[in-house]
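In what follows, a structure is listed as C-alpha cells, so that the remarks can point back to it.
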Amino acid sequence: MSKNLLLLAGDGIGPEIVAEAKKVIDKLNQKMSLGIEYSEGLIGGCSIDAHGVPLTDETIDIAKKSDAILLGAVGGPKWDTLERAIRPEKGLLKIRAGLDLFSNLRPAILYPQLADASSLKKELVADLDLMIVRELTGGIYFGEPRGVRTLENGERQGYNTMVYSESEIERIGRNAFEIAQKRDKRLCSVEKANVLEVSGLWREVMERIAKDYSDVALEHLYVDNAAMQLVRAPKQFDVMVTSNLFGDILSDCAAMLTGSIGMLPSASLNSEGLGMYEPVHGSAPDIAGKGIANPLATILSVEMMLRYSLNMSDAADAISSAVGKVLDKGLRTADIYSDEVSITKVSTTEMGDAVVAEL
Ligand code: NAD
C-alpha cells in the first residue's frame with residue numbers, strides 16, 4: 001500500500017536539506033519497495049511570497065490527508081519586518097494546531113564519532129540516546145487567563161496560567177509510555193509537584209496510567225533536579241515526559257549536550273499517529289545557498305518518520321546505520337568538522353550522496 005508524504009521544504013537552507021532527504025527516500029523506495037509517494041507544498045516565507053500568508057488552508061488540507069509531513073525550516077531576514085500575525089513562524093504554529101500535534105519528540109543522540117563536539121566530558125555523553133517527550137499544545141503557553149493588567153496602584157502586572165486537564169496529561173503520558181516500550185522501558189516524568197497543583201495532578205495521572213504499562217519503570221523528578229541531572233549524568237535517562245514549558249527548556253538543554261544542532265531531528269505527533277518531522281534547527285540564512293548545510297538532521301527526521309508514523313522500522317534502522325558508517329568514514333559537513341588527518345570536509349550534497357551510497 002502506498003504512503004503519502006507531504007514535503008514542505010520552506011526557506012533558507014530548507015530546500016537544500018530536504019533535497020538530500022528526498023534522495024534517501026528515493027533510494028529506500030527503490031531498494032526496499034516502500035511505496036512512499038510525495039507531494040510538495042509551501043510554508044513560511046516562500047508561501048508569503050506566493051500567497052500572502054505563511055500557510056494556506058489548502059496546504060493544511062493536503063497535510064491532513066497525508067500519512068506524514070517532512071518539513072525543512074521557515075523564516076529569514078526578508079520577512080522579519082512583517083507584522084507578527086503573518087510572519088513565517090506563524091505557518092508552523094498553524095500547522096501544529098491544525099493537525100493537533102500534541103506530542104513533540106526530541107531525541108538527543110550523540111554519535112560516538114562526534115563526542116568531542118559536546119561541551120561535556122566525552123565519557124559523560126558518548127553514545128547518549130535520550131528521548132524527550134514534550135506536551136506541545138497545552139500548558140502555560142496556551143492557558144487562559146493571560147495578559148498584562150494595571151493594578152490599583154498603577155503598576156502593571158503580567159500573568160499566565162499553567163493549566164492541564166486529566167485527559168491532556170493522560171494522552172501525552174500514554175504516548176510516552178508507548179515510546180518507552182519501544183526503547184529501554186524506562187520513563188522519567190518531570191514536573192514541579194512540590195510547588196504547583198497542576199504538577200500534582202500530572203504526577204497522579206502518570207501513576208494511574210503506569211498500571212497499564214507494567215513493563216516500563218516510571219520515576220518522577222522535579223524539573224530543577226531534572227535540569228541538574230541532565231548536565232551531570234545525562235546517560236541515566238531513557239525517555240523523559242514533561243509539559244510544554246519544562247519540555248521547551250529541557251529539550252534545548254539536551255540538544256546542546258550533543259554539540260551539533262545540524263544533527264538533531266524531531267517529530268510532532270497527533271493521536272492518530274500523523275506526524276510532522278523536522279530538524280531542530282532553523283533556516284540558517286547565514287549559510288543558505290552556500291551548499292554547506294548539514295543535511296543529517298533532516299535525513300534523521302526521515303528515520304523518525306519511518307519509525308513512528310509509517311511503521312517501517314527496517315528502513316529506519318537502515319538510515320541510522322548508514323549515517324553511522326558515513327561518520328565512521330570521517331565525512332563531516334563544516335558544522336561538525338574538526339581539523340584531523342582522518343576527517344574530510346564535505347558539502348551538503350556530498351553528505352547526502354554518501355548516505356545514499358551506504359544504503
Ligand atoms: P538557526 O538554527 O537557523 O541557526 C543557528 C546557527 O546554526 C547558525 O549559525 C546556522 O548557520 C547554524 N545551523 C543551523 N542549521 C544548520 C545546519 N543544518 N548545518 C549547519 N549549520 C546549521 O537559528 P537562527 O539563526 O536563530 O534562526 C534563523 C531563522 O530560522 C529565523 O528566521 C528563525 O525564526 C527561524 N527558525 C525556524 C525554525 C523552524 O523552522 N522550525 C526553528 C528555529 C528558527
Side-chain angles (χ1 to χ4, degrees), residues 6-21 24 41-49 54-55 59 63 69-97 99 101 104-106 109 111 114 117 119 134 136 247-249 251-252 255-256 258-268 275-304 323 326-327 331-338 345-352 354-355:
L6 174 62
L7 298 175
L8 299 172
D11 309 315
I13 60 170
E16 300 167 45
I17 53 182
V18 169
E20 301 311 309
V24 168
L42 299 178
I43 190 167
C46 57
S47 175
I48 295 173
D49 290 348
L55 185 71
T59 307
I69 300 135
L70 182 69
L71 180 99
V74 301
K78 182 178 174 192
W79 304 281
D80 275 351
T81 49
L82 290 176
E83 216 182 290
R84 218 161 260 288
I86 54 156
R87 292 239 188 115
E89 291 76 10
K90 281 285 169 196
L92 272 185
L93 297 182
K94 189 172 168 184
I95 197 163
R96 284 179 187 154
L99 303 180
L101 302 172
N104 185 219
L105 313 189
R106 292 267 305 255
I109 298 170
Y111 286 86
L114 302 178
S119 51
R134 167 189 170 195
L136 200 61
D248 192 0
I249 299 163
S251 63
D252 269 15
M256 277 303 105
T258 72
S260 174
I261 198 165
M263 294 293 300
L264 293 170
S266 77
S268 306
M276 184 164 84
Y277 297 81
E278 57 183 308
V280 163
H281 60 73
S283 59
D286 53 332
I287 58 167
K290 295 184 179 165
I292 58 171
N294 187 346
L296 291 179
T298 315
I299 290 171
L300 292 168
S301 299
V302 173
E303 187 225 309
M304 289 189 83
V323 169
V326 165
L327 295 175
L331 304 187
R332 307 278 190 273
T333 42
D335 57 310
I336 49 174
Y337 177 74
S338 57
K345 197 188 275 185
V346 294
S347 67
T348 308
T349 51
E350 284 166 339
M351 183 59 100
V355 175

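Quick note: numbers below take in every heavy atom, side chains included, and nothing from hydrogens, waters or symmetry partners. Note that ligands are numbered from 1 as they come in the structure, with each ligand's atoms numbered from 1 the same way.
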(request) Identify, for atom 37 (C) of ligand 1, the protein heavy atom at the shortest distance, and state residue, atom and that distance. (result)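 Answer, as residue, atom name and distance: Val74 O, 3.1 Å.
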
(request) Identify, for atom 28 (C) of ligand 1, the protein heavy atom at the shortest distance, and state residue, atom and that distance. (result)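 For this ligand atom, the closest protein heavy atom is Pro285 CD, 3.4 Å.
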
For [X] versus [Y], what's the shortest heavy-atom pair and its separation?
X	Y	result
Leu136	Arg96	CD2-CD, 3.9 Å
Ser119	Met256	OG-O, 4.3 Å
Pro88	Val74	O-CG2, 4.0 Å
Arg87	Trp79	CD-O, 3.7 Å
Glu16	Gly289	OE2-N, 2.6 Å
Ala288	Ile13	CA-CG2, 3.7 Å

Report yes if [X] has an N/O atom closer than 3.5 Å to an N/O atom of ligand 1; otherwise report no.
X	result
Gly282	yes
Asn294	yes
Ile292	no
Ala284	yes

Do [X] and [Y] have side chains that get closer than 4.5 Å, going by heavy atoms?
X	Y	value
Thr298	Glu20	no
Leu82	Lys90	no
Ile17	Pro279	yes
Arg332	Asn294	no

Is the closest protein non-hydrogen atom to [atom] under 4.0 Å?
atom	result
atom 11 (O) of ligand 1	yes
atom 21 (N) of ligand 1	yes
atom 26 (O) of ligand 1	no
atom 15 (N) of ligand 1	yes
atom 6 (C) of ligand 1	no

Of the backbone atoms (N, CA, C, O) and the side-chain heavy atoms from C-beta on, which set of [X] has a member under 4.0 Å from an atom of ligand 1: side chain, backbone, both, or neither?
X	result
Pro279	neither
Leu92	side chain
Ile287	side chain

(message) What I want to find out is whether Lys78 reaches Asp11 closely enough, with some N-O distance under 4.0 Å, to be called a salt bridge.
(response)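 Here Lys78 does not pair with Asp11 in a salt bridge, since their nearest N and O are not under 4.0 Å apart.
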
(message) With a 4.0 Å cut-off on heavy atoms, is Ala293 in contact with ligand 1?
(response)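 For ligand 1, residue contact (heavy atoms, under 4.0 Å) with Ala293 is present.
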
Please identify which atoms of ligand 1 are closer than 4.0 Å to at least one heavy atom of [X].
X	value
Ala73	40 (O)
Glu278	41 (N)
Gly76	32 (O)
Gly75	32 (O)

(request) Compare His281, Arg87, Glu89, Lys290 and give the one whose heavy atom is closest to atom 34 (O) of ligand 1. (result)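 Nearest option to atom 34 (O) of ligand 1, by heavy atoms: Glu89.
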
